[in-house]
Novice: 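This structure is in structure tokens; I'll ask about it shortly.
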Amino acid sequence: MILVTGATGNLGQHVVKQLQQHLALNEFAVLARSEQKAAAYVKQGIQVVYADFNQPETLQAAFQNIDKLLLISTMEHNRFEQHKNVINAAKSVGVKHILYTGLSIQNIETSAVKDLMISHF
């Protein structure tokens, strides 16, 4: 089973559309923080699990029976802690693959968003 985090965001929505075209609905799920944000996925018959990156205790249950986790980077100020929470929870329940989407930029040393990029590393 594949689980997509950040599925209600721009990139996440595109990922879910691709998964719908290539996989059966029982082969993937999405993670959301609230029922309201995930309502469209529920209507489409997509499995939704609820958890919050800021509440690590919610993550282990959300990652049960997940083989592959797509961690779409958050843009919040505490992104390092959030991502650490996700990775630790995924490892603790035996998720086999964690894929991460950060930002991509050339010439990081001269970039106006250098600090943001460094936080992804």
Side-chain angles (χ1 to χ4, degrees):
M1 170 78 73
I2 298 169
L3 180 65
V4 179
T5 73
T8 59
N10 190 37
L11 175 59
Q13 290 178 41
H14 289 289
V15 169
V16 171
K17 284 180 186 176
Q18 289 298 310
L19 290 173
Q20 286 177 293
Q21 292 177 10
H22 299 283
L23 299 175
L25 289 178
N26 66 346
E27 295 180 281
F28 71 95
V30 300
L31 184 140
R33 287 182 282 181
S34 72
E35 291 181 23
Q36 181 182 1
K37 286 188 171 194
Y41 289 133
V42 172
K43 287 180 184 176
Q44 295 175 55
I46 296 171
Q47 181 181 345
V48 178
V49 294
Y50 299 95
D52 187 325
F53 290 1
N54 294 314
Q55 297 174 357
E57 66 279 3
T58 67
L59 295 169
Q60 285 185 340
F63 298 159
Q64 294 296 318
N65 302 313
I66 300 300
D67 299 308
K68 297 175 183 168
L69 174 68
L70 175 60
L71 171 55
I72 296 178
S73 176
T74 70
M75 295 301 291
E76 296 184 26
H77 69 281
N78 63 333
R79 121 181 87 266
F80 178 80
E81 283 300 317
Q82 290 179 325
H83 294 170
K84 184 177 169 186
N85 290 341
V86 168
I87 293 165
N88 287 340
K91 285 173 54 178
S92 75
V93 298
V95 173
K96 292 178 178 64
H97 301 279
I98 301 171
L99 297 98
Y100 175 72
T101 63
L103 297 175
S104 176
I105 196 164
Q106 294 179 337
N107 301 321
I108 190 170
E109 291 303 320
T110 59
S111 172
V113 292
K114 178 180 176 180
D115 291 340
L116 175 62
M117 291 302 301
I118 289 172
S119 73
H120 288 281
F121 295 121

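Just so it is clear, the values below take in all heavy atoms, side chains as well, and ignore hydrogens, waters and symmetry mates.
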Novice: Are Val86 and Ile2 connected in the hydrophobic side-chain network, where two residues link if heavy atoms are under 4.5 Å apart?
Specialist: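 In one cluster with Val86: Ile2, no.
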Novice: Are Phe28 and Ile66 connected in a single hydrophobic cluster, I mean Ile/Leu/Val/Met/Phe/Trp/Tyr linked by side-chain heavy atoms less than 4.5 Å apart?
Specialist: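 In one cluster: no.
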Novice: Can you name the one residue among Val15, Ile98, Thr5 that meets side-chain contact (heavy atoms from CB on, under 4.5 Å) with Leu70?
Specialist: Val15
Novice: With a 3.5 Å distance limit and no angle check, can you tell me whether Glu27 reaches the backbone of Met1 through a side-chain donor-acceptor pair?
Specialist: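 Side chain of Glu27 to backbone of Met1: no pair is present.
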Novice: If you look at every heavy atom in Gln60 and Ser92, which pair is closest and at what distance?
Specialist: NE2-OG, 2.7 Å
Novice: Considering only heavy atoms from C-beta outward, does the side chain of Phe63 approach that of Lys91 to under 4.5 Å?
Specialist: no
Novice: Quick check: is Leu23 connected to Leu25 through a chain of hydrophobic side chains (ILVMFWY, heavy atoms under 4.5 Å apart)?
Specialist: yes
Novice: Side-chain contact, heavy-atom cut-off 4.5 Å: Gln82 with Asn54?
Specialist: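 SC-SC contact between Gln82 and Asn54 confirmed.
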Novice: Between Tyr100 (side chain) and His83 (backbone), is there a donor-acceptor pair under 3.5 Å?
Specialist: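 No; judged by distance alone, with no hydrogens or angles, the pair does not exist.
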Novice: For Ile72 versus Gly6, what's the shortest heavy-atom pair and its separation?
Specialist: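 Looking at all heavy atoms of both residues, the closest pair is CD1-O, 4.2 Å.
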Novice: Checking the side chain of Asn85 only, and the main-chain atoms of Phe53 only, is there a donor and an acceptor separated by less than 3.5 Å?
Specialist: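 It does hold such a pair.
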Novice: Should Gln64 and Val93 count as side-chain neighbours, where that means a heavy-atom distance under 4.5 Å?
Specialist: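 Heavy-atom side-chain distance check passes, below 4.5 Å.
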Novice: Taking everything shown except Glu57 itself, do over 12 heavy atoms lie less than 6.0 Å from its CD?
Specialist: yes
Novice: Going from CD on Gln13 to OH on Tyr41, what distance comes out if it is rounded to the nearest 0.5 angstrom?
Specialist: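 The distance works out to 5.0 Å.
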Novice: With rounding to the nearest 0.5 angstrom, report the CG to CG distance, Leu31 to Leu59.
Specialist: 7.0 Å
Novice: Using a cut-off of 6.0 Å, state whether more than 12 heavy atoms not belonging to Asn65 lie near its atom CG.
Specialist: no
Novice: Indicate, with yes or no, if Val95 and Val49 share a hydrophobic cluster defined by side-chain heavy-atom contacts under 4.5 Å among Ile, Leu, Val, Met, Phe, Trp and Tyr.
Specialist: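 Yes, Val49 connects to Val95 through the hydrophobic network.
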Novice: Can you find a heavy atom in the side chain of Leu19 that is under 4.5 Å from one in the side chain of Ile46?
Specialist: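 The answer is no, as the side chains (C-beta and beyond) never meet within the 4.5 Å cut-off.
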Novice: Are more than 12 heavy atoms, taken from residues, nucleotides or ligands other than Gln21, located less than 6.0 Å from that residue's CD atom?
Specialist: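 Check passes, neighbour count above 12.
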Novice: Would you confirm whether Gln18, through its side chain, and His14, through its main-chain N or O, come within 3.5 Å as a donor-acceptor pair?
Specialist: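 No, Gln18 side chain to His14 backbone: no donor-acceptor pair under 3.5 Å.
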